[in-house]
Amino acid sequence: MAPTVPGFDTGFDHQHVTVADGVRLHVAVGGSGSPVVLLHGFPQTHLMWRHVAADLAAEHTVICPDLRGYGASDKPADLDGATYSKRTMAADIVALARALGHDRFALAGHDRGALVAVRAGLDHPEAVTHLLSLDVLPTLDMWEVMHGTTAVVGFHLYLMAQPPGLPEELIGGAPDAFFGHFLDIWTRDPAAIPADVRAAYLKACREAVPSIVADYRASAHIDVRHDRADRDAGNRLAMPVSVLQQDWGAALGFDAAELWRAWAPDLHHATVSCGHFMAEEEPAVVSAAIRDLLAR
């Protein structure tokens with residue numbers, strides 16, 4: 001049983017589900033009705049969805065896993081560069097939903113979870129009915145818009161893209177300082193991540209440095225190849241897609257909606273005024289976006 005905080009301590013069942021050989025995902029499941037799967041981002045766990053999940057559970061079966069390599073889920077060693085590809089992680093989510101009795105489901109992801117959600121939508125369109133992305137660009141586009149001194153904001157992307165060894169050693173030497181840095185600078189409302197939740201995030205990350213680095217490393221290598229192959233082949237997201245994000249385009253000089261529309265013909269794109277951790281800072285906005293998406 002994973003430790004819980006308000007929002008996941010009542011009405012949610014915690015279990016471990018096998019999704020691949022030697023890999024089990026920890027998942028919190030609650031509510032009833034059509035299934036909605038919520039995927040967390042960095043540097044977080046399923047706990048980031050505590051407010052949204054409790055809200056949606058009144059009308060949906062809400063499924064909140066820890067991604068492989070994060071939280072209380074298994075953390076297999078990355079031996080081939082593909083263990084933490086978004087393709088592998090997306091297959092985990094489809095297998096998880098099926099193990100829970102759902103062949104089709106709506107999918108929402110934040111940050112790293114949004115990249116997994118996009119890959120699930122591309123690889124498994126028969127399973128993903130609707131897709132919501134919170135505050136990222138697709139992997140290939142993300143790398144293409146990063147340039148010059150503006151790329152300083154993404155220093156962690158370049159650090160964790162390096163070959164195995166150095167990133168793990170550096171981050172492992174001061175994990176709370178490293179992961180806490182992002183919790184601090186990406187939050188506009190510090191009260192949105194109270195002390196007990198912050199402590200849970202830092203503990204989870206502290207215990208998962210190699211797998212978190214492997215996840216990011218995959219996004220600089222194998223994930224880019226997968227995205228480029230899809231773009232070259234003209235593969236796009238067939239389901240209704242909604243995107244909420246901060247206005248990074250204004251700061252970094254790109255049109256986020258245009259980039260997303262190349263992947264998602266049926267797109268609703270909106271910017272928000274809160275910080276990166278919008279499911280905690282503005283949970284009502286995120287819940288409303290999910291409900292609006294499901295109505296399309």
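The first residue in the sequence is number 1, and the count goes up from there. Atom set for the values below is all heavy atoms of this structure, side chains included, hydrogens, waters and symmetry mates excluded. On a predicted model such as this, the values are computed, not experimentally measured, just so you know.
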Non-neighbouring partners of H40 that pass ring pair (Phe, Tyr, Trp, His ring centres under 6.0 Å), sequence neighbours left out:
Y70
Give me each pair satisfying side-chain hydrogen bond (donor to acceptor under 3.5 Å, both in side chains) with a member in residues 184-194, each pair once, sequence neighbours excluded.
D184-R198
Scanning both residues in full, the closest heavy-atom pair of A256 with Q245 reads CB-OE1, 3.4 Å
With distance as the sole criterion, is a donor-acceptor pair present between the side chains of H276 and E281 under 3.5 Å?
no
Verify, without hydrogens or angle tests, whether K86 (side chain) and D215 (backbone) share a donor-acceptor contact under 3.5 angstrom.
yes
Partner set under side-chain hydrogen bond (donor to acceptor under 3.5 Å, both in side chains) for E168, not counting sequence neighbours:
R217
Would you please name every residue forming a ring pair (Phe, Tyr, Trp, His ring centres under 6.0 Å) with F179, sequence neighbours left out?
F42
Contacts of N235 that satisfy side-chain hydrogen bond (donor to acceptor under 3.5 Å, both in side chains) - sequence neighbours left out
D230
Taking only residues two or more places apart in sequence or in another chain, which ones pass side-chain contact (heavy atoms from CB on, under 4.5 Å) with T18?
R24
Contacts of W143 that satisfy ring pair (Phe, Tyr, Trp, His ring centres under 6.0 Å) - sequence neighbours left out
Y158
Of all residues at least two apart in sequence or in a different chain, which pass the side-chain hydrogen bond (donor to acceptor under 3.5 Å, both in side chains) check with R68?
D92
Residue list, side-chain contact (heavy atoms from CB on, under 4.5 Å) with E169, at least two apart or on another chain
none
Under the 3.5 angstrom rule, does the side chain of T129 hit a backbone N or O of R104 as a donor-acceptor pair?
no
With sequence neighbours left out, what residues match R98 under side-chain contact (heavy atoms from CB on, under 4.5 Å)?
V94, D103, E126
Apply side chain to side chain donor-acceptor pair (under 3.5 Å) to H26 and S73, showing your working.
CA-CA 5 Å; H26 165 253; S73 290; 5.5 Å; no
Relative to each other, are the rings of F277 and H110 parallel, tilted or perpendicular (30° and 60° limits)?
tilted
Would you find more than 12 non-hydrogen atoms of other residues, nucleotides or ligands less than 6.0 Å from E258 atom CD?
no
Go through the side-chain N and O atoms of S85 and R119 and say whether any donor and acceptor fall under 3.5 Å apart.
no
With sequence neighbours excluded, residues passing ring pair (Phe, Tyr, Trp, His ring centres under 6.0 Å) with H124
none
Partner set under side-chain hydrogen bond (donor to acceptor under 3.5 Å, both in side chains) for D55, not counting sequence neighbours:
S287, R291
Angle class for the F178/F155 ring planes (parallel below 30°, perpendicular above 60°, tilted otherwise)?
perpendicular
How long is the span from the CD1 atom in I93 to the CG atom in D123, to the nearest 0.5 Å?
13.0 Å
